[in-house]
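What follows is a single structure, written as structure tokens, with notes after it.
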Amino acid sequence: MWQSLFGKNAERDNTIFEKLKECSLPRHTAIIMDGNGRWAKLRGLIRTAGHTAGVDTLRNIIKTAVDLKLEALTVYAFSTENWKRPAPEVDFLMTLFYDYLKKEISEMKRDNVRLRFLGRIDELAPRLCQLAHEAVDELKDNTGLTLSVAMNYGGQDELLRAVQKIAAAKKENDREITLEDIEKNLDTAGLPPVDLVIRTSGDLRLSNFLIWQTAYAEFWATEKNWPDFAPEDFAQALYDFSHRERRFGGVEAVKC
Ligand code: IPE
Ligand code: IPE
Ligand code: MG
């Protein structure tokens with residue numbers, strides 16, 4: 001299904017941002033920022049050079065989301081499975097996250113971005129964990145884009161933690177556990193369900209990202225690696241989303 005969407009990028013229209021003005025945008029977009037390593041390999045560089053380049057893309061995409069007045073953007077920065085990577089790459093990524101966050105807080109404050117983290121943040125290095133908490137606190141009164149960064153995040157781990165919290169609070173003879181109980185105990189509590197998932201660099205899988213929240217999400221994929229993903233590509237994904245018909249299990253098509 002995702003494969004058939006690849007062709008769309010070839011027909012990119014430069015007026016895509018103009019066209020987007022007429023469209024209804026997703027409330028919640030989630031991005032799997034993949035392909036940094038492949039981007040670097042194609043250029044004869046080491047993998048970590050791809051991560052450095054990917055940071056610039058992230059900054060541009062957040063800026064675009066702010067300009068478009070999107071309500072919620074969630075980005076997958078580091079999965080619970082990414083610890084399997086060689087230690088020097090993991091260390092590099094952690095330092096990159098720290099430096100990026102430190103540098104971007106004031107810009108995000110200016111842009112009215114509210115920040116949250118998904119995942120086991122408290123198990124990251126203490127200085128990164130502390131900075132993450134400080135950044136959330138610093139930006140908590142903002143009212144624009146809600147940016148969620150999934151870091152040390154796994155969808156299965158998130159569900160497990162939610163179930164554990166519910167079980168710990170449950171008393172005998174309590175009412176049955178509801179869908180709402182689960183949602184309230186996820187890291188994404190309070191965020192709208194994901195409308196659109198974007199994945200770069202051609203792989204067609206969720207890789208343990210937001211497995212609950214994407215139940216009725218639309219998928220959009222591109223073969224471009226994350227460092228090459230431009231604001232126009234992002235706009236194209238949003239534009240294509242606005243032309244999808246969603247059915248949510250019913251027979252009536254719901255225009256996005
Ligand atoms: C995504 O790029 C960044 C992270 C997972 C942190 P990759 O590092 O997975 O790049 P590829 O998929 O190996 O090309
Ligand atoms: C998903 O990418 C995780 C992030 C983008 C942070 P991966 O590169 O880890 O996914 P797999 O291993 O190819 O499924
Ligand atoms: Mg990858």
Side-chain angles (χ1 to χ4, degrees), residues 1-2 5 8 20 23-35 57-58 61-62 64-66 68-82 113-121 136 144-163 178-222 226 229 231 233-250 253-256:
M1 187 235 343
W2 287 20
L5 305 171
K8 296 217 166 155
L20 213 50
C23 299
S24 62
L25 297 172
R27 289 188 68 193
H28 188 176
T29 302
I31 307 183
I32 303 172
M33 309 182 288
D34 197 21
T57 303
L58 178 59
I61 296 305
I62 294 171
T64 307
V66 168
L68 291 170
K69 298 188 169 41
L70 294 189
E71 180 179 341
L73 177 70
T74 298
V75 293
Y76 204 6
F78 192 88
S79 75
T80 44
E81 287 70 37
N82 287 148
V113 174
R114 191 177 18 213
L115 183 66
R116 59 193 283 176
F117 285 90
L118 315 178
R120 293 181 183 252
I121 287 301
V136 169
L145 174 74
T146 297
L147 173 69
S148 304
V149 180
M151 202 152 71
N152 198 10
Y153 172 88
Q156 291 175 338
D157 178 66
E158 180 193 30
L159 268 173
L160 173 65
R161 285 186 286 109
V163 170
T178 62
L179 289 175
E180 212 192 354
D181 291 326
I182 296 178
E183 265 160 15
K184 277 198 309 215
N185 284 283
L186 293 173
D187 299 347
T188 50
L191 285 171
V194 174
D195 295 306
L196 171 66
V197 177
I198 295 172
R199 183 164 187 150
T200 57
S201 99
D203 287 324
L204 306 174
R205 54 179 174 261
L206 272 178
S207 301
N208 204 11
F209 189 41
L210 300 173
I211 54 177
W212 174 281
Q213 299 85 342
T214 54
Y216 272 99
E218 296 292 316
F219 289 92
W220 190 95
T222 172
W226 176 249
F229 188 71
D233 299 311
F234 187 36
Q236 185 71 49
L238 299 173
Y239 180 81
D240 291 346
F241 167 83
S242 75
H243 288 78
R244 298 275 180 92
E245 283 181 347
R246 303 171 82 183
R247 275 184 288 279
F248 298 98
V254 182
K255 265 276 191 202
C256 291

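Small disclaimer: the values here were computed from a predicted structure and weren't measured.
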ring-ring contact (aromatic ring centres under 6.0 Å, His included) against F234, all qualifying residues, sequence neighbours excluded: none

Assess the residue pair D157 and R161 against the criterion (salt bridge (Lys or Arg N to Asp or Glu O under 4.0 Å)); give the C-alpha distance rounded to whole Å, side-chain angles, the decisive distance to 0.1 Å, and a yes or no. CA-CA 6 Å; D157 178 66; R161 285 186 286 109; 3.0 Å; yes

Tell me whether N208 contacts the main-chain N or O of Q156 through its side chain, where contact means a donor paired with an acceptor under 3.5 Å. yes

Verify side-chain contact (heavy atoms from CB on, under 4.5 Å) between D195 and R246, making sure each step is shown before the conclusion. CA-CA 10 Å; D195 295 306; R246 303 171 82 183; 3.1 Å; yes

Under the side-chain contact (heavy atoms from CB on, under 4.5 Å) criterion, do F117 and V136 qualify, and how do the steps go? CA-CA 8 Å; F117 285 90; V136 169; 3.6 Å; yes

Quick one: does any side-chain atom of N152 pair with a main-chain N or O of G119 as donor and acceptor, under 3.5 Å? no

Using side-chain heavy atoms (C-beta onward) and a distance below 4.5 Å, is Y153 in contact with L210? yes

What I'd like to find out is whether the side chain of L70 reaches to under 4.5 Å of the side chain of T64, using heavy atoms alone. no

Determine whether a donor-acceptor pair (N or O, by modelled atom type, separation under 3.5 Å) exists between the side chain of Y76 and the backbone of S207. yes

Could you tell me the separation between the OG atom of S79 and the CG atom of L206, rounded to the nearest 0.5 Å? 12.5 Å

Show, in sequence, the C-alpha distance, side-chain angles and deciding distance for I61 and W226, and conclude whether the side-chain contact (heavy atoms from CB on, under 4.5 Å) test is met. CA-CA 11 Å; I61 296 305; W226 176 249; 3.8 Å; yes

Please confirm whether the backbone N or O of A237 pairs with a side-chain atom of D240, one donor and one acceptor, at under 3.5 Å? no

Interatomic spacing from OG1 in T200 to CE in M33 - rounded to 0.5 Å: 8.5 Å

For a 4.5 angstrom cut-off between non-hydrogen side-chain atoms, does I182 reach L159? yes

Pairing residues for D34 by the salt bridge (Lys or Arg N to Asp or Glu O under 4.0 Å) criterion, not counting sequence neighbours: R38, R199

Nearest 0.5 angstrom please: E158 CD to T188 OG1, how far? 5.0 Å

Under the side-chain contact (heavy atoms from CB on, under 4.5 Å) rule, what do Q236 and W220 come out as? Steps first, then yes or no, please. CA-CA 10 Å; Q236 185 71 49; W220 190 95; 4.2 Å; yes

Sub-3.5 Å donor-acceptor pair from the side chain of R120 to the main-chain atoms of T80, do we have one? no

